[in-house]
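Remember, it's 1-based here, ligands and their atoms both numbered in the order they're listed. Residue numbers run from 1 in the order of the sequence given. Computed over heavy atoms, backbone and side chain alike; hydrogens, waters and symmetry mates excluded. Computed from a prediction, not measured in an experiment: that's the story for all the values here.
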Amino acid sequence: MGEKVKALIDKLNTDKQLGKDEWVCVFNEYDEDDRAYAAQLARELSLKKYGNKIFIRGIVEFSNYCKNDCIYCGIRRSNSCAQRYRLTDEEILACCDEGYDIGFRTFVLQSGEDKTYTAERLAELVRAIKKAHPDCAVTLSLGELEYEEYKTLRDAGTDRYLLRHETANKEHYQKLHPEEMSFEHRMECLRQLKELGYQTGAGIMVGSPYQTAECLAEDMAFFAEFKPHMIGIGPFLPHKDTPFKDMPKGSYELTLFLLSLCRIMLPSVLLPATTALGTIDPRGREQGVLSGANVIMPNLSPTAVRKKYMLYDNKICTGDESAQCRGCLERRMKSIGYEIDISRGDYEQ
Ligand code: SAH
């Protein structure tokens with residue numbers, strides 16, 4: 001009870017940053033009233049910057065093979081229950097063509113870390129997408145690559161790259177990942193992506209196992225310093241065939257609060273209301289928008305493979321056709337007084 005957290009939210013709005021102890025205080029002491037206060041402020045800021053328009057990006061999840069073994073993830077290498085699939089280049093292009101026809105002007109290609117898709121092959125694919133749809137943006141989300149590979153893909157015309165840092169705290173990172181994965185390398189990748197001129201996205205799962213208020217404070221400090229163009233934030237949701245299967249899911253309310261804090265800190269940031277947010281609550285994406293989000297990323301993958309790209313249990317929209325998702329979002333946004341914007345939706349300071 002009291003004005004302490006509200007005063008810190010006001011301070012964040014003015015200074016665009018808080019000290020670590022202040023962040024810890026915000027996360028330890030906020031109540032529903034503070035969250036509503038932050039959401040109101042965040043929503044005003046996104047309305048001022050973007051109006052009542054929500055950008056849409058079509059995601060094509062083109063392979064669930066992964067060489068990594070992230071403890072939380074349903075497509076981790078060790079999950080022998082996962083039915084693996086790969087889309088051909090033609091199939092990926094066909095998803096983009098279908099997406100184009102129903103109004104998508106950004107395609108996000110996402111996968112596990114699957115080395116059968118070399119940088120050269122993907123560069124060729126990016127060029128083919130750009131040739132077919134010169135007015136579209138291409139975003140990649142393929143995990144950690146080498147600098148030269150990121151460069152090849154950037155030179156091929158890729159506009160954006162999404163790589164959640166997952167956590168800015170090294171000890172926490174090590175609890176979420178096997179020993180062979182490195183916190184420093186993931187952070188290095190993010191710096192390289194920015195240097196290469198990608199519109200770069202970082203992000204976290206809210207309530208991932210072992211996350212503390214200190215971890216979140218470090219994530220917010222990292223966002224303030226790195227200034228990503230996009231921030232992907234969704235709740236951690238357990239997957240039944242991972243070692244974290246009995247871990248509690250992340251908090252819906254804390255996820256919404258974090259979206260608001262990111263909007264207040266970085267008013268221009270592209271902030272999706274994620275699929276995980278729509279999974280934890282049926283109105284999660286609408287509430288995400290009302291808390292400051294301005295992007296939605298529906299699925300464009302072929303219906304036949306959607307259930308196989310299962311990062312966590314009960315993922316929504318895995319039975320739908322792309323055109324159905326498009327119509328459904330239109331209605332959902334309308335229900336809260338927002339509209340879908342079909343432009344590329346690039347980052348603008
Ligand atoms: N291989 C790519 C894409 C990863 S999947 C990469 O490494 O970047 C995209 C995101 O899904 C991950 O960054 C992670 O934050 C999120 N994710 C994975 N498992 C999850 C789970 N169990 N609950 C919620 N989000 C999860």
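Considering only non-hydrogen protein atoms, atom 22 (N) of ligand 1 sits nearest to Leu237 O, 2.7 Å. The nearest heavy-atom contact from the protein to atom 19 (N) of ligand 1 is Tyr72 CD1, 3.4 Å. The single protein non-hydrogen atom nearest to atom 25 (N) of ligand 1 is Met205 SD, 3.5 Å, given as residue, atom name and distance. Summary of contacts: the protein heavy atom closest to atom 24 (C) of ligand 1 is Pro235 O, 3.3 Å. Here the heavy atom of the protein found nearest to atom 11 (O) of ligand 1 is Leu311 CD1, 3.4 Å.
Shortest non-hydrogen contact noted between Arg84 and Asn79 is NH2-O, 3.1 Å. For the pair Arg43 and Tyr338, the tightest heavy-atom approach, listed with the atom from each and the gap, is NE-OH, 3.2 Å. Between Val269 and Ile231, the shortest heavy-atom contact is CG2-CG1, 3.7 Å. Closest non-hydrogen pair, Ile129 versus Cys96, comes out as CD1-SG, 3.9 Å.
Residue Phe244 is found in a hydrophobic cluster whose other members, listed by chain and number, are Ile71, Tyr72, Leu176, Met205, Tyr210, Phe236, Met247; membership requires side-chain heavy atoms under 4.5 Å apart, directly or through intermediates.
Proximity annotation for atom 16 (C) of ligand 1: of Arg164, His165, Lys249, Lys315, Arg164 comes nearest, heavy atoms only. With Gly112, Ser111, Gly143 as candidates, the residue nearest to atom 3 (C) of ligand 1 on a non-hydrogen basis is Ser111. Of the candidates Arg186, Glu166, Met310, the one placing a heavy atom closest to atom 7 (O) of ligand 1 is Arg186.
Neither the backbone nor the side chain of Ile204 comes within contact range of ligand 1; no heavy atom lies under 4.0 Å. The residue Glu144 has no part lying near ligand 1, judged by heavy-atom distances below 4.0 Å.
In terms of polar-atom proximity, Gln110 is not counted as a contact of ligand 1, lacking any N or O under 3.5 Å from an N or O of the ligand.
Tyr347 and Gln349 share a donor-acceptor pair across their side chains, judged by distance under 3.5 Å alone.
The contact set between ligand 1 and Leu163, taken as ligand atoms under 4.0 Å from a residue heavy atom, comprises 8 (O). Using a 4.0 Å cut-off to heavy atoms of Cys73, the atoms of ligand 1 that qualify are 19 (N).
Below 30°, between 30° and 60°, or above 60°: for Tyr117 and Phe62 the angle between ring planes is above 60°, a perpendicular geometry. Ring geometry for His165 against Phe222 counts as tilted: the plane angle lies between 30° and 60°, on a 0 to 90° scale.
Residue His239 places every heavy atom at 4.0 Å or more from ligand 1. Not a single heavy atom of Cys70 sits less than 4.0 Å from an atom of ligand 1.
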**Message:** Is there a side-chain hydrogen bond (donor to acceptor under 3.5 Å, both in side chains) between Gln110 and Tyr309? Walk through the geometry before answering.
**Reply:** CA-CA 10 Å; Gln110 192 182 77; Tyr309 198 85; 2.9 Å; yes
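Arg86 forms a cation-pi arrangement with Tyr65, by the criterion of a distance under 6.0 Å to the ring centre and an angle within 45° of the ring axis.
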